Student: 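Have a look at this one before I ask anything.
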Amino acid sequence: EVQLVESGGGLVQAGGSLRLSCVASGFRSDDYAIGWFRQTPGKEREGVSCIMGNDKTTNYGDAVKGRFTISVDVAKNTAYLQMNNLKPEDTAVYYCAAEYPWTGGCRLRPLNAMDYWGKGTQVTVSS
């Protein structure tokens with residue numbers, strides 16, 4: 001059974017930075033895609049970024065390109081999301097999700113392609 005646990009959320013001023021972590025357990029190989037999604041009340045969950053465990057290829061949502069960077073430490077089964085130049089509109093609950101096993105390239109849609117989800121971590125950006 002795969003489990004995902006997020007951490008690193010918090011309150012930060014606009015222009016600041018945060019780094020989120022997602023620790024995964026239960027992977028038996030690096031043939032997985034792991035990604036970050038976010039959701040605010042009343043809105044659909046949105047794909048932020050994802051990365052493949054095997055070849056480290058990445059994908060980003062348009063809203064975060066150039067500001068957020070995703071990475072993965074396969075030895076630690078941990079994915080990171082470095083968020084720089086944060087804006088108030090980045091405020092959301094951030095969820096980690098994974099497709100496993102998967103070798104088809106990471107993707108941010110459809111949401112029901114994700115096999116596993118974490119419980120989320122709150123990120124609040126004040127203006």
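Both backbone and side-chain heavy atoms feed into the values below; hydrogens, waters and symmetry mates do not. Just so you know, these numbers come straight off a predicted model, no measurement behind them.
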Student: With side chains defined as the heavy atoms from C-beta onward, is the minimum distance between Y80 and D73 less than 4.5 Å?
Tutor: yes
Student: If you apply the rule side-chain contact (heavy atoms from CB on, under 4.5 Å), what do you find for N77 with Y32, and how did you get there?
Tutor: CA-CA 10 Å; N77 277 340; Y32 58 80; 3.6 Å; yes
Student: When you measure from the side chain of E6 to the backbone of C96, do you find a donor-acceptor pair of N or O atoms at a distance under 3.5 Å?
Tutor: yes
Student: Could you tell me the separation between the CZ atom of R67 and the CD atom of Q82, rounded to the nearest 0.5 Å?
Tutor: 12.0 Å
Student: May I ask you to decide if V125's main-chain N or O and T91's side chain share a donor-acceptor pair within less than 3.5 Å?
Tutor: yes
Student: Can you check whether F68 reaches L18 side chain to side chain, under 4.5 Å on heavy atoms?
Tutor: no
Student: Do the side chains of C50 and F37 get nearer than 4.5 Å, heavy atoms only?
Tutor: no
Student: So, does Y116 use its side chain to make a donor-acceptor pair with the main chain of E1 at under 3.5 Å?
Tutor: no
Student: Are the side chains of K119 and V5 in touch, meaning some heavy atoms are under 4.5 Å apart?
Tutor: no
Student: Should L108 and N59 be marked as a side-chain contact (heavy atoms from CB on, under 4.5 Å) after you check the CA-CA gap, both sets of side-chain angles, and the distance that decides it?
Tutor: CA-CA 8 Å; L108 299 176; N59 194 4; 4.3 Å; yes
Student: Charged N to carboxylate O under 4.0 angstrom, K65 versus D62?
Tutor: yes
Student: When you compare the side chain of D30 with that of V72, does any pair of heavy atoms fall below 4.5 Å?
Tutor: no
Student: Hey, is NZ on K56 packed in by over 12 heavy atoms from elsewhere, all under 6.0 Å?
Tutor: yes
Student: Are side-chain heavy atoms of F27 and V2 found at a separation under 4.5 Å?
Tutor: yes
Student: Could you report the tightest heavy-atom contact between A98 and L4, atom names first, then the distance?
Tutor: N-CD1, 3.8 Å
Student: State the CD-OG distance between Q13 and S127, to the nearest 0.5 angstrom.
Tutor: 9.5 Å
Student: Taking all non-hydrogen atoms of both residues into account, name the closest pair between V123 and G9 and its distance.
Tutor: CG2-CA, 4.1 Å
Student: Starting at CD of Q122, measure out to CZ of R38 and round the result to the nearest 0.5 Å.
Tutor: 12.0 Å
Student: Hey, any chance I51 and V64 share a hydrophobic cluster, counting ILVMFWY side chains that come within less than 4.5 Å of each other, even indirectly?
Tutor: yes
Student: Do the side chains of Y95 and Q39 get nearer than 4.5 Å, heavy atoms only?
Tutor: yes
Student: For a quick test of reading the model, state the closest non-hydrogen atom pair linking M52 to T103 and the distance between them.
Tutor: CE-CA, 3.9 Å
Student: To the nearest 0.5 Å, tell me how far I34 CD1 sits from L81 CG.
Tutor: 11.0 Å
Student: What's the separation between atom CG in L20 and atom OG in S49, rounded to the nearest 0.5 Å?
Tutor: 11.0 Å
Student: Where do V74 and G53 come nearest, in terms of heavy atoms and distance?
Tutor: CG2-O, 3.4 Å
Student: Report the distance from atom CH2 of W36 to atom CE of M83, rounding to the nearest 0.5 Å.
Tutor: 8.0 Å
Student: Counting only heavy atoms not in Q3, do more than 12 fall under 6.0 Å of its CD?
Tutor: no
